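Below: the structure, in structure tokens.
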Number of protein chains: 2
Amino acid sequence: MDTLVKPEPTVPMACRSCRVRHGGMCEVLGPVELARLAACSRRTRHGSGEALAVESDAVHGYANVTRGTVKLSRVLRDGRQQLVGLQFAPDLMGRLFSSESPLSAEAATEVELCRIPRDVLEGLVADSEGLKQRLLEQALQDLDEAREWMVTLGRKSAVERVASVLLLIATRMGGRDAHGNITLDLPIGRADMADFLGLTIETVSRQMSRLRREGVISVQGHRCVVIHDIEALGARSG
Amino acid sequence: MDTLVKPEPTVPMACRSCRVRHGGMCEVLGPVELARLAACSRRTRHGSGEALAVESDAVHGYANVTRGTVKLSRVLRDGRQQLVGLQFAPDLMGRLFSSESPLSAEAATEVELCRIPRDVLEGLVADSEGLKQRLLEQALQDLDEAREWMVTLGRKSAVERVASVLLLIATRMGGRDAHGNITLDLPIGRADMADFLGLTIETVSRQMSRLRREGVISVQGHRCVVIHDIEALGARSG
DNA sequence: CGCAGGTTTGAATGTCGTCAAACCAAGTGG
DNA sequence: CCACTTGGTTTGACGACATTCAAACCTGCG
């Protein structure tokens with residue numbers, strides 16, 4: 001299953017999000033906590049499509065996405081699926097205080113995780129004021145994003161939804177080229193876009209073609225999107 | 001604006017959620033914190049339709065819903081609206097660590113709040129491990145509910161959505177009568193149901209009529225719903 | 001009683017889903 | 001190098017479901 005990789009000798013990747021988000025040093029954890037984390041965290045690598053957690057299974061641990069993109073999803077009894085979130089590096093992933101996962105998680109691309117066993121993290125959280133703070137902030141941010149997406153699902157048209165997901169991915173993964181265009185390597189295919197947007201594959205494809213005809217984007221080989229006019233895309237996103 | 005009511009002499013209502021959820025005593029706050037809360041919290045009463053917080057306004061405080069129902073919503077620039085949550089008593093409401101509210105909050109019914117000024121709560125949180133824990137749990141629960149609702153918005157048909165909202169309200173507000181039927185006094189009208197479900201008023205109304213024709217529910221005077229067959233309603237909710 | 005607001009119902013329209021076929025890109029083996 | 005396969009994507013024709021617009025209808029209240 002999981003390929004265990006030896007822990008980093010220095011600062012574990014679990015703290016990368018702290019460093020990234022708070023700038024410079026790790027303000028959240030003291031040296032003692034860092035040592036405990038370093039001792040217990042394991043870096044694992046997963047291929048695209050690999051299941052990382054299954055709905056209603058026991059939660060084994062918490063993880064920090066250090067590379068790649070993870071899909072979070074829920075399914076109805078009859079098989080209809082809805083993606084409820086995308087986690088990009090360096091997001092924290094997991095669920096404290098409930099013994100079973102309310103979601104499934106699957107690697108969308110090649111993914112690298114820094115995993116922390118459940119009991120270790122809960123012990124750390126009980127002791128460390130700073131870590132609990134960090135987790136609370138992440139939960140509140142995830143909550144805001146989920147509610148933001150509820151507007152997309154409840155009130156936006158098909159084009160607006162597709163424009164919205166492109167913007168979302170652009171803000172998390174986009175790189176600007178020489179002409180100021182934004183280039184994306186989509187971490188998900190049309191099927192996942194459809195499940196994220198509450199649409200069908202065909203509708204997603206049609207709206208992509210439409211944005212292409214309108215000159216807002218161009219597409220190279222299905223997975224690579226160039227955003228020519230980010231303003232126009234924003235306007236198109238509702 | 002807000003009608004200030006004198007604080008309770010004994011345990012402030014702000015702790016009601018602790019007692020309700022953890023059973024019996026307040027495990028979260030010690031006597032010192034309780035005293036600070038009691039000194040600073042104010043109970044306020046609001047009429048149906050009154051705005052409690054406005055999107056992108058400064059956050060003035062945190063509140064505990066002690067009676068009634070509050071609607072949380074977001075609007076798109078062109079006026080399309082989406083309800084992103086309903087808060088029933090005794091939910092905690094508010095948003096730490098961001099200076100402006102990401103949502104609007106409005107009283108759906110007559111509402112009674114126990115308000116705590118922002119700075120007081122943040123001070124308390126900094127000191128009290130237990131309170132931070134409690135807030136984290138509430139945030140995680142809200143997150144689960146938001147994601148659950150994303151499935152409703154993204155993947156369910158109109159009947160399923162209406163059945164879902166009736167079930168949601170039933171679990172939070174429903175009372176059983178002598179025959180085992182569940183009786184609801186809807187805290188929101190058809191327009192708000194539509195905004196919560198991502199539908200139009202007319203579609204909500206049609207699906208209510210449909211469930212009525214099918215004998216799953218009956219309706220008395222628009223606001224009062226009797227659920228005859230909760231199983232069937234569950235089946236109808238997807 | 002009669003008004004006002006919210007709700008229900010109907011008919012027509014439009015958007016998105018379904019089904020089916022063509023297409024493309026990437027990989028495999030001759 | 002090119003035929004061939006495979007999985008994902010695009011496009012088209014058609015149908016279903018939700019929206020729109022409009023009118024009638026309740027229900028609560030003055």
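From a predicted model like this one, the values you see are computed outputs, not experimental measurements.
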Please tabulate, one pair per line, all N/O donor-acceptor pairs under 3.5 Å involving side-chain atoms of residues 230-238 of chain B, not counting sequence neighbours.
unit_1: B:Arg236; atom_1: NE; unit_2: B:Glu214; atom_2: OE1; d: 3.0
unit_1: B:Arg236; atom_1: NH2; unit_2: B:Glu214; atom_2: OE2; d: 3.0
unit_1: B:Ser237; atom_1: OG; unit_2: B:Gly234; atom_2: O; d: 2.8

For [X] and [N], what is the distance between atoms [atom1] and [atom2] respectively, to the nearest whole Å?
X        : N      : atom1 : atom2 : answer
B:Arg206 : D:dT20 : CZ    : P     : 11 Å
A:Leu186 : D:dG8  : CG    : P     : 15 Å
B:Arg155 : D:dC17 : CZ    : C1'   : 15 Å
A:Ile188 : D:dG8  : CD1   : C1'   : 14 Å
A:His222 : D:dG7  : NE2   : C1'   : 11 Å

| request: Sequence neighbours left out, what passes side-chain contact (heavy atoms from CB on, under 4.5 Å) with B:Arg118? Give chain and number order. | output: B:Val59, B:Ser99, B:Glu122
| query | chain A on DNA chain C: first and last contacting nucleotide, 5' to 3', under 4.0 Å to a heavy atom? | reply | C:dC16 to C:dC19
| request: Check salt bridge (Lys or Arg N to Asp or Glu O under 4.0 Å) between B:Glu106 and all other residues, then give those that pass, not counting sequence neighbours. | output: B:Lys71
| said: For the backbone of B:Gln81 and the side chain of B:Arg74, can you confirm whether one donor and one acceptor N or O come within less than 3.5 Å of each other? | reply: no
| query | Hey, is the main chain of B:Glu100 close enough, under 3.5 Å, to the side chain of B:Arg95 for a donor-acceptor pair? | reply | no
| query | Counting any heavy atom closer than 4.0 Å, what does B:Ser209 reach on the DNA or RNA strands: base, sugar-phosphate only, or nothing? | reply | sugar-phosphate
| request: Under the side chain to side chain donor-acceptor pair (under 3.5 Å) rule, collect the residues that match up with A:Ser218, sequence neighbours excluded. | output: A:His228
| task | Indicate yes or no: at least one non-hydrogen side-chain atom of B:Ser104 is less than 4.5 angstrom from one of B:Val75. | result | no
| At their closest point, which heavy atom of B:Phe196 faces which heavy atom of B:Trp149, and how far apart are they? | O-NE1, 3.1 Å
| query | Hey, can you pull the residues of residues 191-203 of chain B with a non-hydrogen atom under 4.0 angstrom from DNA chain D? | reply | B:Gly198, B:Leu199, B:Thr200, B:Glu202, B:Thr203
